[in-house]
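Values below: every heavy atom of this structure, side chains too, minus hydrogens, waters and symmetry copies.
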Amino acid sequence: MSGHPSAILVVAAVIRRDGRFLIGQRKRGGWGELKWEFPGGKVEAGEPPREAVVRELREELGIAAAVGPELARHAFQYPGRPAIQLIFYLVTEFTGEPVNHEFEVIAWARADELSHYDFLEGDLDFVARLAQGEFSAPA
């Protein structure tokens with residue numbers, strides 16, 4: 001792994017269906033409340049990042065996912081919090097219909113609509129690049 005070896009690994013799933021991306025709004029009352037993000041979370045000790053994506057999507061949305069290529073990764077640090085290494089993975093397919101188990105609300109948004117959502121700061125660069133069409137993903 002390149003970058004910051006002491007950083008906490010965090011994975012994010014980029015799920016696209018019918019030209020829209022699945023995003024979730026963090027719950028009210030917690031850290032980052034009501035900010036938007038891609039589904040995902042912390043990688044557990046000894047867990048490969050791709051397996052973390054599968055686990056997180058099962059827990060958060062009740063779907064079984066096939067994880068494709070890594071789209072991007074970068075280090076980020078929120079004030080007063082440990083540094084993270086954030087890895088975005090394309091989810092190439094999934095079975096089941098996403099059911100919200102973790103978020104305030106989930107939404108499907110087109111790339112050109114993503115800028116209208118108040119994303120976590122750590123996601124902003126990726127969201128801008130996605131909206132500009134930098135990452136080609138199957139519809």
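To the nearest 0.5 Å, the span separating CG on Leu124 from OG on Ser115 amounts to 10.5 Å. Atom CD1 of Ile15 sits about 6.0 Å away from atom CH2 of Trp108, to the nearest 0.5 Å. Distance check, rounded to the nearest 0.5 Å: CG of Leu9 to CD1 of Ile84 gives 10.0 Å. The line from CD of Glu134 to CG of Asp125 is 8.0 Å long, rounded to the nearest 0.5 Å. Taken to the nearest 0.5 Å, the CG atom of Leu86 stands 12.0 Å off from the CD1 atom of Ile8. Atom CG of residue Leu90 and atom CD of residue Glu70 lie 11.5 Å apart, to the nearest 0.5 angstrom.
Among residue pairs with one or both ends in residues 97-108, those qualifying as salt bridge (charged side-chain N to carboxylate O under 4.0 Å, His left out) are Arg17-Glu97; sequence neighbours excluded.
Side-chain contact between Pro69 and Thr92 is present, with heavy atoms from C-beta onward closer than 4.5 Å. Within the 4.5 Å cutoff, no side-chain heavy atoms of Phe94 are placed close to those of Val54. Side-chain contact check for Leu130 versus Phe38: some heavy-atom pair is nearer than 4.5 Å.
Contact record, Arg129 with Ala72: NH1-CB, 4.1 Å, taken as the closest heavy-atom pair. Shortest non-hydrogen contact noted between Pro48 and Gly46 is CD-O, 3.6 Å. Closest approach of Ala109 to Leu114, counting heavy atoms only: CB-CD2, 3.9 Å. Taking each heavy atom of Ala111 and Ala131 in turn, the nearest pair found is O-CB, 3.4 Å. Across Tyr89 and Ile87, no two heavy atoms sit closer than the pair CE1-CG2, 3.3 Å.
Proximity of a side-chain donor or acceptor of Tyr78 to a complementary backbone N or O of Leu120 within less than 3.5 Å is not detected. A distance-only check finds a donor-acceptor pair linking the side chain of Glu113 to the backbone of Arg110 [under 3.5 Å]. Judged purely by atom type and a 3.5 angstrom limit, Gln77 uses its side chain to pair as donor or acceptor with the backbone of Arg81. Here the side chain of Arg58 pairs no donor or acceptor atom with the backbone of Ala65 at under 3.5 angstrom.
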Residues His101, Glu59; criterion side chain to side chain contact (heavy atoms under 4.5 Å, CB included); working and verdict: CA-CA 7 Å; His101 295 295; Glu59 292 171 2; over 6 Å; no
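Residues Val91 and Val99 do not share a hydrophobic cluster, defined by chaining ILVMFWY side chains whose heavy atoms lie under 4.5 Å apart.
For Glu60, there are no salt bridge (Lys or Arg N to Asp or Glu O under 4.0 Å) partners at least two apart in sequence or on another chain.
Relative orientation of the Phe88 and Phe126 rings is parallel, given thresholds of 30° and 60° on the angle between their planes.
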Distance-only donor-acceptor hits, side chain of residues 21-29, under 3.5 Å, sequence neighbours excluded:
unit_1	atom_1	unit_2	atom_2	d
Gln25	NE2	Leu34	O	3.0
Arg26	NE	Trp31	O	2.9
Arg26	NH1	Glu37	OE1	3.0
Arg26	NH1	Glu37	OE2	3.4
Arg26	NH2	Trp31	O	3.3

